[in-house]
Amino acid sequence: GRPSPGPRVLACAVCFVCGVLMALLGSGFAAVVFLAHAVVAATGSAEALPSATELMAKYDALTGGRAAMAKYSSIKEVGTMNIPAAGIDATMEVYKDKSGKFLQKMVLGAMGEASTGFDGTTAWQMQMGNASIVSGDQAKAMKTQADFFSGFHDAAKYKSAETVELADFDGRKCYKVKVVLLDGTETFEYFDAATGFAAGTTRDVESPAGQITATQILSDYKDFGGVKLATKTTVKGGPVEVTMNIPSVEFDTVTAPAFV
């Protein structure tokens with residue numbers, strides 16, 4: 001059979017994946033905006049596309065939005081993460097509360113446990129038994145991920161957004177929205193033209209392997225306590241593909257010791 005990769009190879013793969021995941025997932029696919037403009041089709045005839053505001057408002061309504069999430073004080077997600085290129089099948093638990101605390105635990109088989117967290121002030125990580133404080137863009141991304149409402153749209157966080165075209169994304173016809181964050185970072189979001197749900201994002205990110213285009217694909221939405229969440233996320237970046245499945249979501253079961 002195929003030989004198992006050594007600890008150094010696995011450690012590098014985990015670091016690479018963590019870099020991509022924090023850069024992409026930390027930005028969330030939360031992005032909404034002010035105004036979007038009509039786009040002129042390549043044929044020269046004007047074809048009105050839904051505005052970014054309309055697309056994201058529809059998505060929020062479909063998922064329950066901030067109003068549905070505001071009923072709760074904490075969320076716990078339990079699932080799995082698979083990285084075929086590294087031979088990794090991991091279990092994963094994610095904890096968040098409304099005060100802005102966040103913890104993600106992954107059990108990576110023989111490699112043991114890896115954790116990342118944000119306590120409301122400081123971002124940190126523990127991998128291969130080594131703990132460290134996280135700073136810079138990764139810390140910023142973790143703070144964003146810790147936001148209890150990060151999955152929903154907040155126009156105050158964005159400089160602009162514009163629906164640019166009807167595009168093919170993951171085998172689906174999707175409206176492509178260009179979002180510019182306040183710091184100038186650009187992200188493209190895709191909304192399924194048939195259902196209105198968010199289909200994913202693409203973004204150029206810095207990773208341990210240099211700058212890459214990271215793609216996040218969202219699918220299999222399910223209702224948990226009035227909040228519809230994507231239970232399958234696939235992240236593709238460089239040579240690595242990561243698939244995360246979250247079949248279990250609980251609200252208001254997280255207590256303070258979970259973040260210690």
Side-chain angles (χ1 to χ4, degrees), residues 9-33 52 56 81-86 88 90 92 94 96 102 104 106 108 114-118 123-127 132-147 150-154 157-162 164-165 167-170 174-191 198-219 230 232-244 246:
V9 174
L10 290 176
C12 290
V14 171
C15 289
F16 177 84
V17 168
C18 287
V20 173
L21 290 179
M22 290 313 305
L24 184 60
L25 298 181
S27 71
F29 52 92
V32 95
V33 229
M56 296 178 183
M81 181 177 71
N82 175 252
I83 313 172
I88 293 176
M92 179 173 61
V94 180
K96 295 170 72 169
F102 162 81
Q104 178 175 279
M106 294 184 291
L108 303 162
S115 302
T116 58
F118 184 77
W124 56 270
Q125 63 183 359
M126 180 175 290
Q127 297 178 21
S132 60
I133 300 299
V134 176
S135 59
D137 289 344
Q138 188 176 357
K140 181 180 177 181
M142 290 172 67
K143 181 178 179 180
T144 299
Q145 194 173 5
D147 181 356
S150 62
F152 306 103
H153 304 118
D154 183 356
K157 295 180 179 179
Y158 302 93
K159 185 180 296 184
S160 66
E162 178 183 14
V164 296
E165 65 176 333
D168 292 317
F169 179 81
D170 188 41
C174 295
Y175 291 110
K176 182 178 180 180
V177 175
K178 179 182 178 180
V179 176
V180 182
L181 308 182
L182 292 177
D183 64 5
T185 302
E186 294 184 0
T187 301
F188 289 98
E189 299 191 15
Y190 300 82
F191 294 87
T201 64
T202 56
R203 180 184 173 194
D204 290 335
V205 301
E206 291 297 333
S207 77
Q211 188 177 74
I212 60 172
T213 297
T215 300
Q216 179 192 52
I217 300 169
L218 305 167
S219 61
K232 182 178 180 180
T233 301
T234 301
V235 177
K236 300 178 181 180
V240 175
E241 179 173 321
V242 183
T243 300
M244 292 170 285
I246 307 290

Just verifying a value: how many Å separate [X] [atom1] and [Y] [atom2], rounded to the nearest 0.5 Å?
| X | Y | atom1 | atom2 | value |
| --- | --- | --- | --- | --- |
| Ser160 | Lys178 | OG | NZ | 7.5 Å |
| Thr234 | Ile217 | OG1 | CD1 | 5.5 Å |
| Thr187 | Gln216 | OG1 | CD | 10.0 Å |
| Lys236 | Thr243 | NZ | OG1 | 8.5 Å |
| Asp183 | Leu181 | CG | CG | 5.5 Å |
| Arg203 | Thr215 | CZ | OG1 | 12.5 Å |

What heavy-atom pair brings [X] and [Y] nearest, and what distance separates the two atoms?
| X | Y | result |
| --- | --- | --- |
| Ala90 | Leu108 | CB-CD2, 3.5 Å |
| Leu218 | Ala230 | CB-CB, 4.0 Å |
| Ala52 | Val177 | CB-CG1, 3.8 Å |

May I ask you to test the [X]-[Y] pair for a side-chain heavy-atom distance under 4.5 Å?
| X | Y | answer |
| --- | --- | --- |
| Met106 | Thr116 | no |
| Phe102 | Asp147 | no |
| Val180 | Glu162 | no |

Item to check | All side chain to side chain donor-acceptor pair (under 3.5 Å) counterparts of Ser219, not counting sequence neighbours | outcome: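 Once residues adjacent in sequence are excluded, Ser219 has no partner under the side chain to side chain donor-acceptor pair (under 3.5 Å) criterion.
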Item to check | By side chain to side chain donor-acceptor pair (under 3.5 Å) - contacts of Ser115 (at least two apart) | outcome: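 For Ser115, the residues satisfying side chain to side chain donor-acceptor pair (under 3.5 Å) (neighbours in sequence not counted) are Glu113.
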Next on the checklist: Can you tell me which residue among Lys96, Gln145, Lys143 is in a side-chain hydrogen bond (donor to acceptor under 3.5 Å, both in side chains) with Ser150?
Outcome noted: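 Only match with Ser150 under side-chain hydrogen bond (donor to acceptor under 3.5 Å, both in side chains): Lys96.
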Next on the checklist: side chain to side chain contact (heavy atoms under 4.5 Å, CB included), that's the test. Do Glu186 and Asp204 meet it? Break it down for me.
Outcome noted: CA-CA 8 Å; Glu186 294 184 0; Asp204 290 335; over 6 Å; no
Checklist entry - Yes or no on side chain to side chain contact (heavy atoms under 4.5 Å, CB included) for His153 and Val179, after CA distance, side-chain angles and deciding distance? => result CA-CA 12 Å; His153 304 118; Val179 176; over 6 Å; no
Next on the checklist: Ignoring hydrogens and geometry beyond distance, is a side-chain donor-acceptor pair present between Lys157 and Thr144 at under 3.5 Å?
Outcome noted: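 No donor-acceptor contact under 3.5 Å links the two side chains.
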Checklist entry - What do the steps show when you test Met142 against Trp124 for side chain to side chain contact (heavy atoms under 4.5 Å, CB included), and what is the final call? => result CA-CA 9 Å; Met142 290 172 67; Trp124 56 270; 5.8 Å; no
Next on the checklist: For the NZ atom on Lys176, are there more than 12 heavy atoms of other groups (residues, nucleotides or ligands in this structure) within a distance under 6.0 Å?
Outcome noted: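 Yes, enclosed.
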Item to check | Results of ring-ring contact (aromatic ring centres under 6.0 Å, His included) for Phe169 - residues two or more places apart only | outcome: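 Phe169 satisfies ring-ring contact (aromatic ring centres under 6.0 Å, His included) with Tyr190 once adjacent residues are dropped.
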